[in-house]
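Input: a single structure, listed below in structure tokens.
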Amino acid sequence: MSSPATEAAGHAPTASEYIVHHLGHLSTHHQEKIVDFSIFNMDTIFWSVAMGVVACFVMWLAARKATSGVPGRFQAFVELLVELVEDQSKAIVHGDRTFIAPLALTVFVWVAMMNSLDFLPVDLFSSIFRLLGIETHHRVVPTADLNGTLGMSLGVLALMLYYGIKIKGLGGWLHELFAAPFGIALAPFNLLLNIIEYLAKAVSLGMRLFGNMYAGELLFLLIALLGSTATAFGFIGQVIAGSAWAIFHILIVFLQAFIFMMLTLVYMGQAHEGH
């Protein structure tokens, strides 16, 4: 992991400037308002799509090389992962799972791939851009961007609404929306509570993943600042702290992908059932 010490002497940024720079996005234009839907974070879009392509390629490669004989390590790992997801979807979703189980597998692999980008050195791309004579912001981890995680959670919300209407019918879904949980006599309150429930599920799903990955990214930046001192203690401290946090962060990366997948399954299961 590189550090601010790599900057030219006399031009090294302060700790605040270093962190602010690394938390900036490669965007279409500068954000001046809290909410601005005209801005696109190009780094988040690029790495999300890139990791989606890589995830699809890995799963396609596993299916292409699958054999009925003794599986190799790669095939055994993929089969173990598929069985894990299948067992979880079977336990949570009671109904047609021809789409739900592959969805859960896709979500887990995709989110895990995006989270794993956090293991890249924090100064890798800024150093590359500097060599090319380009001064720009660039953040690699899409799940450390609230726009990316909320985008995925809105996709899950759309699937919740779709399956709710598909399974119960439009009339049944609307009746549940106005009648559950207190009865049709309190329809306005039921509608308000159900709308809040849908929004809370979507927001919490995205915020949970974002909060954990953003905190991990920020901690990597703080550890990188240890190397800004010219002493051997600073360098050794950076190596030890960075290695220890990276090892622990492996658990966080895959745990958050698993939690996102499980919550997606839970929400899909609730869409298949009534109140």
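Atom set for the values below is all heavy atoms of this structure, side chains included, hydrogens, waters and symmetry mates excluded. What you see is a predicted model, and the numbers here were worked out from it, not measured in a lab. Position 1 is the first residue of the sequence, and the numbers go up from there.
Cluster membership for W47 and I128, using ILVMFWY side-chain heavy atoms within less than 4.5 angstrom, is shared. Residues Y163 and L170 share a hydrophobic cluster, clusters being chains of Ile/Leu/Val/Met/Phe/Trp/Tyr side chains in contact below 4.5 Å. Taken together through direct or relayed side-chain contacts under 4.5 Å among Ile, Leu, Val, Met, Phe, Trp and Tyr, V141 and L26 form parts of separate hydrophobic clusters.
A donor-acceptor pair under 3.5 Å links the side-chain atoms of S204 to the main chain of K201, judged by distance alone. Between the side chain of N190 and the backbone N or O of L177 there is no donor-acceptor pair closer than 3.5 Å. Panel note: side chain N194, backbone A180; a donor-acceptor pair is recorded below 3.5 Å. Side-chain atoms of T28 come within 3.5 Å of backbone atoms of F40 as a donor-acceptor pair (strictly under, hydrogens ignored). Side-chain atoms of R139 do not come within 3.5 Å of backbone N or O of N41 as any donor-acceptor pair.
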Identify every side-chain donor-acceptor pair in residues 255-269 under 3.5 Å, counting partners at least two apart or on other chains, and give the distances.
residue	atom	partner	partner atom	Å
Q256	OE1	N212	ND2	3.4
T264	OG1	F260	O	2.8

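When each of D118, V122, L117 is paired with L120, the side-chain contact (heavy atoms from CB on, under 4.5 Å) condition holds for L117 and for no other.
Pairing each heavy atom of S48 with each of P142, the nearest pair is OG-CB, 3.2 Å.
Note on residues 80-123: pairs passing ring pair (Phe, Tyr, Trp, His ring centres under 6.0 Å), not counting sequence neighbours, are F119-H249.
Between the side chains of H138 and D43, no donor-acceptor pair of N or O atoms lies under 3.5 Å.
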